[in-house]
Amino acid sequence: MASIPMEQGLLLAGVLFVIGLTGVLVRRNIIFVLLSLEVMLNASGLAFIVAGYRWGQPDGQVLFLFVLTMAAAEVSVGLALVLQLHRVFKTLDVDVASRMRG
Amino acid sequence: MNAVYYISSVVAVVATVAAVTGLNAVHSLLYLIVSFLAVALIFFTLGAPVIAALEVIIYAGAIIVLFIFVVMILNLGDVAVEQEKRWTVGKMWVGPALLALVLMAELVYVLFQQTVHHLPGAGPIQPQDLGATLFGPYMLGVELASMVLLAGLVGAYHLGRRRQPDETAQESQEPVDAGARRQ
C-alpha cells in the first residue's frame, strides 16, 4: 500500500493549518492575517489531496480546485478591504476596525 | 521519492513558520512563495501533477502577485523608497534562497529519474480522470465556482474603488470619530 502513511500526510496538513491558525489569532497586521488565511486554505487543500491519493479517487483533486477558486475570490475581496481600511483609518491594525457601525 | 516527500515537508513547515512570524510583509511573502512551491512538490509526489502545476500558477503566481500589488499600493512616496533601501539588504535573501535551493535540488533529482514515478500509493490520478470527474458529477460545483468568482470580481471592484469627492467630504471625519470612540 502507500509508502507514505496517510497519517503523515494528514499530520503535515494539520501542522500547516495550526501554523496558519496561530497567525490569524496572534498577528494584528491585516496583511499577515490574510496571509495566514491563505496558509490555512492551502493546508486544507493538502488534506484533500492526501485523501484522494490514499483512495486513488479524483474527487480530492476536484475539491482542491474548488478550494483554490474560493481562495482566489476571498483574497481579492480581502485585499480590497485592506485598501479601504488603509484609506479610512490610515493604519493596517485590525483592532482599529473592531467596532462596526450600521 | 520518500526522501523528496520528507524534505519538502520540512521545507514547507520551516518556510510557513518564517512567513507567519515575519515582521516585514515583503520578506514574509518571499517565504510564502517557497512554502507554496514545497507544497506543489508534495502534490507531485502524491500523484497529482495537474494540481501541482495549478498550485505554482495560481497560488505562487496570481495570489502572491495580488498581495505584492497591495503592499506596493500602500507604500507610496519617499518614505517607501527609504524603506525599500532598508528592506532589500543582501542578508534577507539567504533564508528563502537556501530553502528554494533545496527544492531545486529535489526537482532536478525528480527530472533525472529514468521514469517519472510517483509514490506507490493507489496510483497517480490521470488528468483525464480529473477532467471527467470535474465536468461529470461535479458540474454544479463548477457552475457555483463561476458564480463565486463573479461575486469576488464585483466585490473587489466595489470595495476597492476610490470614493467620489462629495462622499470623501463627509467621510473625512470618520477617523476622528473612530479615534474618539476608542478613548
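Scope of the values below: all heavy atoms of this structure, side chains included, with no hydrogens, waters or symmetry mates. In what follows, every chain begins at residue 1, and chains take the letters A, B, ... in the order their sequences are listed.
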> Is there any residue in residues 69-81 of chain A with a non-hydrogen atom under 4.5 Å from a non-hydrogen atom of chain B, and which ones are they?
Replying inline: A/T69, A/A71, A/A72, A/A73, A/V75, A/S76, A/V77, A/L79, A/A80, A/L81
> How would you list, in number order, the residues of residues 35-42 of chain A that have a heavy atom less than 4.5 Å from chain B?
Replying inline: A/L35, A/S36, A/E38, A/V39, A/L41, A/N42
Rounded to the nearest 0.5 Å, what separates atom [atom1] in [X] from atom [atom2] in [Y]?
X	Y	atom1	atom2	value
B/T16	A/I19	OG1	CD1	5.5 Å
B/L30	B/N24	CG	CG	10.0 Å
B/F43	A/Y53	CZ	OH	14.0 Å
B/T45	B/I7	OG1	CD1	11.5 Å
A/F17	A/S44	CZ	OG	6.5 Å
A/L11	B/S9	CG	OG	9.5 Å

Select, from [options], the one with the greatest count of heavy-atom pairs under 4.5 Å involving chain A.
options	value
B/L149, B/L144, B/V154, B/I58	B/I58
B/G22, B/S35, B/G155, B/A19	B/G22
B/L153, B/V148, B/I63, B/L150	B/I63
B/A151, B/G141, B/S146	B/G141
B/V142, B/I51, B/V70	B/I51

Least distance between heavy atoms, [X] atom then [Y] atom:
X	Y	answer
A/R54	A/M6	CG-SD, 3.6 Å
A/Q61	B/A48	NE2-CB, 3.2 Å
B/S28	A/F32	OG-CE2, 3.0 Å

> Is a side-chain donor or acceptor of A/Q57 paired with a backbone partner of A/G52 at a separation under 3.5 angstrom?
Replying inline: no
> Taking the side chain from B/T21 and the backbone from B/V17, do they hold a donor-acceptor pair closer than 3.5 Å?
Replying inline: yes
Is the closest side-chain heavy-atom distance between [X] and [Y] below 4.5 Å?
X	Y	result
B/L107	B/L103	no
B/V39	B/F44	no
B/L74	A/I31	yes
A/L85	A/I30	yes

Is [X] in contact with chain A via its backbone, its side chain, both, or neither, using a 4.5 Å heavy-atom distance?
X	value
B/L66	both
B/I64	neither
B/V50	neither
B/A145	both
B/Q126	neither

> Run the side chain to side chain contact (heavy atoms under 4.5 Å, CB included) check on B/I42 and B/Y5 step by step: do they pass?
Replying inline: CA-CA 6 Å; B/I42 289 172; B/Y5 173 83; 3.7 Å; yes
Count the heavy-atom pairs under 4.5 Å between each of [options] and chain B, then report the option with the highest count.
options	result
A/V26, A/L65, A/V50, A/L63	A/L65
A/V82, A/L68, A/L83	A/L68
A/D59, A/L34, A/V15	A/D59

> Using non-hydrogen atoms only, which part of A/V62 is less than 4.5 Å away from chain B: side chain, backbone, both, or neither?
Replying inline: both
>> How about CG on A/L25, more than 12 heavy atoms from neighbouring residues, nucleotides or ligands closer than 6.0 Å, or not?
In response: yes
> In terms of heavy-atom contacts, does CE of B/M139 have more than 12 from other residues, nucleotides or ligands at under 6.0 Å?
Replying inline: yes
>> Looking only at the aromatic ring of each residue, does the gap between the centers of A/F64 and A/F48 stay below 6.0 angstrom?
In response: no
>> Which residues pass the ring-ring contact (aromatic ring centres under 6.0 Å, His included) test with B/F67, not counting sequence neighbours?
In response: none
> Is any residue of residues 130-138 of chain B within less than 4.5 Å of chain A by heavy atoms, and which ones?
Replying inline: B/L130, B/T133, B/L134, B/Y138
